[in-house]
Number of protein chains: 2
Amino acid sequence: MKTTRQYGRRKVTLKDVAAQVGVSHTTVSNAYIRPGQLSAALREKIFAAAQELGYTGPDPAAKQLATGHSGALGFLFSEDLPYAFSDPAVLAVLNGVAKSCDEMETDLALISAGSSLRNMNTPVSLGNAAVDGYILYSVAPDSRCVLMAQQRNVPLVVVDQPRLDNVPYVGIDDRGAAYNAAKTLLELGHRRFGILSLKTAHDDYFGILTAKRRANIAHSTIAMRLEGYLTALQEAGIAPENVPAWEIPINSEESGAEGARFLLNRQNAPTAILAMSDRVAIGAMQTIRAAGLSIPEDVSIFGFDDIPAAALSDLSTIRQPHERKGMEAVRLLTQQDGRQNKNVILETELVARGSIGPAPKG
Amino acid sequence: MKTTRQYGRRKVTLKDVAAQVGVSHTTVSNAYIRPGQLSAALREKIFAAAQELGYTGPDPAAKQLATGHSGALGFLFSEDLPYAFSDPAVLAVLNGVAKSCDEMETDLALISAGSSLRNMNTPVSLGNAAVDGYILYSVAPDSRCVLMAQQRNVPLVVVDQPRLDNVPYVGIDDRGAAYNAAKTLLELGHRRFGILSLKTAHDDYFGILTAKRRANIAHSTIAMRLEGYLTALQEAGIAPENVPAWEIPINSEESGAEGARFLLNRQNAPTAILAMSDRVAIGAMQTIRAAGLSIPEDVSIFGFDDIPAAALSDLSTIRQPHERKGMEAVRLLTQQDGRQNKNVILETELVARGSIGPAPKG
DNA sequence: TTGTAAGCGTTATCAC
DNA sequence: GTGATAACGCTTACAA
């Protein structure tokens, strides 16, 4: 991509407009940003001249260099963009961010963490993007871009992950929500549980969630959810080591289906499955039905997120206010008036649907 | 959002690093962009100093001002962002764009046309974003931002809409695809058709797609699809005026359901419905079934797009290579080496599923 | 291999 | 209300 000059004609600047009208370039600048400083007539005259010359307003880069801010914010994903666009939960958050940006006339730059991690040879910044601040969305705590974002010395807000000192945080009570889900199933009489966990660490492992891995969970949201589940079960006298768990490689229906196969094929297969996302749960439901079992007569299942597909699948789940997460993040980023550490914990709601029922007799 | 300086410490610049190491300004700059110009040892020394001082690389704004380009591109939606994120077809395109951007290490700025249309008092540019080029995605031809984008004097690429002189274009053969859909239903013996059309103009109208509106369709993709349908029908001896059509207000399932109610409540209700999007078709299917009719025994229905939900609903449709649209757009934007007018028309595929069948007897 | 100096197009300060 | 002048932080001939 070449610069404007590729077209031959030199870029039209403030100066050109000023010359045309016969005023100083300051006055033209004022016409755009301080309307009160000149007569309406002159302002009109300037705009007319600009129009005629093909001047499209102050150059964003120059403006930013002079003012120190760009009017754009960066939304930083941990996953690659293609994945992000396929996940309804991510989209809902992004939706909220977009809404708020729209209102504030702020531009939105999408930045995938993946891309920033490539150039290991050169200490690159996070994207070439000129942004006034970053929203870190569910970024792995050990990711290099966390450090990079902090070094950049612009306002930051974290959504979901990771918890950072002196950085505002938007999230939910993952632990409490998970606790309630497990509790609900316990009250229905279930005693044999299985857990479908999202990735616990930034590696390529998937399979049985071993005790060792349980103890070293890098992703705090996952750790909290697991803790919530296990705490409820433990309170009911069910020891964590007696609760089989499967760690999936990626948040998708297929992975959920695979995890469910593991759980159902064990001795003493669970009558209740706790899944850390709706996509995983929906995949698991397919496996359950394919095995000739009924939901909820034979197996109850609980999801997490309440994506649109959950209602269609009659899946019980934890409703997260995804969109509000995004909106709060923008608000926090925009209103950062000091170093105060404002956190926002949003409410979740337990949505009971047809996927859960009393534990089967016997 | 304040500038960096809010934190008290002055921003670290190239100069500071240069002073620290005891070299010039330029050498430090070279360390970042022209590694060949200095010894590896010196380069390391410079990076070390940068690290120590907290220098995070050249300031994007300053860099852009000096070089003339930003390494970012703008993706311009006609709809507001929140809508865009709810439309699977839009997302798929965005996905393709994101993929390509990722590869090229280009940043992606999302810009909704809506926001640019607000400040009518000041001639604002498209977003504050400093971008090297724009992808215009399905923007209404009469939208102000088309003009604004052109004035900005940066490379442009249009996806789907509108066709612009001297601007590369990425799209499909809407007319041909629609023609094939109608043809397929004709071959199944259908004679009574109904059309569910997307918005034809940029106003608040919805309801019967009148002859007058049919003749004044602002959105070229819609015009082409309608023409494709009607041409096929006309060739089979069915006059356009005998084909009822409903124009929906917004591309959603609800609107489709409403449109289908109109079509089914008429005298001589259609046995075949041509919908211009899958979302609309899926909404219509609900109405059809709610009316006690079977698909495809009583009514056949054809969608457009092949979004994931189409397969789940067993909906026949036209598969568009959404993702490739996005990738091609980035390619065209990036490779613009002159003023040549490269257009890309991607292939579509007719996907026949269970939603179509022979016309009912009688 | 390194340094000097001239921009890049704005905004901001402060006189007039 | 208006206009010089100095930043803003960097890139890039060109010179050494």
Side-chain angles (χ1 to χ4, degrees), chain A residues 2-6 9-19 21-46 50 53-71 124-125 128 130 132 152-154, chain B residues 2-6 9-19 21-46 50 53-71 124-125 128 130 132 152-154:
Chain A
K2 310 290 172 44
T3 146
T4 290
R5 267 150 280 159
Q6 76 186 38
R9 42 176 155 150
R10 213 182 96 267
K11 184 163 185 176
V12 184
T13 74
L14 264 190
K15 238 175 212 160
D16 301 316
V17 179
V21 181
V23 294
S24 88
H25 74 274
T26 307
T27 303
V28 178
S29 177
N30 281 333
Y32 282 93
I33 46 182
R34 261 179 276 277
Q37 299 293 298
L38 11 34
S39 66
L42 179 55
R43 190 157 180 259
E44 278 314 312
K45 201 168 151 194
I46 288 173
L53 262 45
Y55 179 71
T56 45
D59 176 275
K63 180 178 193 155
Q64 181 184 351
L65 184 56
T67 60
H69 50 253
S70 68
V124 288
S125 65
N128 341 41
D132 296 336
R152 206 112 154 23
N153 212 14
V154 294
Chain B
K2 310 291 173 42
T3 146
T4 290
R5 267 148 280 158
Q6 76 186 33
R9 42 176 155 150
R10 212 182 98 267
K11 182 164 186 176
V12 185
T13 73
L14 262 190
K15 235 175 213 161
D16 301 317
V17 179
V21 181
V23 295
S24 94
H25 208 169
T26 313
T27 305
V28 178
S29 177
N30 281 333
Y32 283 93
I33 45 183
R34 259 179 277 277
Q37 299 293 298
L38 12 36
S39 66
L42 179 55
R43 188 156 180 260
E44 277 316 310
K45 201 169 154 192
I46 288 174
L53 262 45
Y55 179 71
T56 47
D59 177 274
K63 180 179 194 151
Q64 181 183 353
L65 186 55
T67 60
H69 50 251
S70 68
V124 288
S125 66
N128 340 41
D132 297 337
R152 206 114 156 18
N153 210 15
V154 294

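We use all heavy atoms of the structure for the numbers below, so side chains are in, but hydrogens, waters and symmetry mates are not. Chain identifiers are assigned alphabetically (A, B, ...) following the order of the sequence lines, protein sequences preceding nucleic acid strands; residue numbering begins at 1 within each chain.
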B/V21/B/V28 under side-chain contact (heavy atoms from CB on, under 4.5 Å): CA gap, chis, key distance, verdict
CA-CA 9 Å; B/V21 181; B/V28 178; 5.7 Å; no
Base, sugar-phosphate, or nothing for B/T27, non-hydrogen atoms under 4.0 angstrom?
sugar-phosphate
Output yes when at least one side-chain N/O atom of B/R34 is less than 4.0 Å from OP1 or OP2 of D/dT12, else no.
yes
So, does B/Y55 get its side chain near the phosphate of D/dC10, meaning an N or O under 4.0 Å from OP1 or OP2?
yes
Which listed nucleotide (C/dT11, C/dT2, C/dC8) is nearest to the side chain of B/A66?
C/dC8
Send over the distance from B/Y32 OH to D/dT12 P, rounded to a whole Å.
16 Å
Measure across B/A50 and B/Y32 and return the closest heavy-atom pair with its distance rounded to 0.1 Å.
CB-OH, 3.5 Å
Between C/dT11 and A/H25, counting only base atoms on the nucleotide and side-chain atoms on the residue, is there a donor-acceptor pair under 3.5 Å?
yes
Whole-Å distance, B/I33 CD1 to D/dG9 P, equals 17 Å
Atom CD of A/Q64 and atom P of D/dC10 are separated, to the nearest Å, by 12 Å
Between A/D59 (CG) and D/dC8 (P), how many Å, whole number?
19 Å
Taking the side chain of B/S29 as its heavy atoms from C-beta onward, which of D/dT11, D/dT2, C/dT10 lies nearest to it?
D/dT11
At their closest point, which heavy atom of A/V12 faces which heavy atom of A/L53, and how far apart are they?
CG2-O, 3.4 Å
Pair of N/O donor and acceptor under 3.5 Å linking C/dT10 base with A/T67 side chain
no
Quick one: is A/S24 getting a side-chain N or O under 4.0 Å of the D/dG3 phosphate, OP1 or OP2?
yes
Where the side chain of A/K63 is defined as all heavy atoms beyond and including C-beta, which of D/dC10, D/dT2, C/dT10 is the nearest nucleotide?
C/dT10
Looking at every non-hydrogen atom in both residues, tell me the closest pair between A/D59 and B/L65 and how far apart they are.
OD1-CD1, 4.4 Å
Could you state the atom-to-atom distance from CD of B/E44 to P of C/dT1 in whole Å?
15 Å
For B/Q37 and A/K15, take the nucleotide of DNA chain C holding the closest heavy atom to each; which residue's nucleotide lies nearer the 5' end?
B/Q37
Rounded to whole Å, the CG-P distance (A/L65 to C/dA12) equals 12 Å
Please give, in whole Å, the distance from C/dC8 P to B/H69 NE2?
16 Å
Under the criterion side-chain contact (heavy atoms from CB on, under 4.5 Å), I'd like the reasoning laid out for A/V23 against A/L38: C-alpha separation, chi angles, the key distance, then a yes or no.
CA-CA 11 Å; A/V23 294; A/L38 11 34; over 6 Å; no
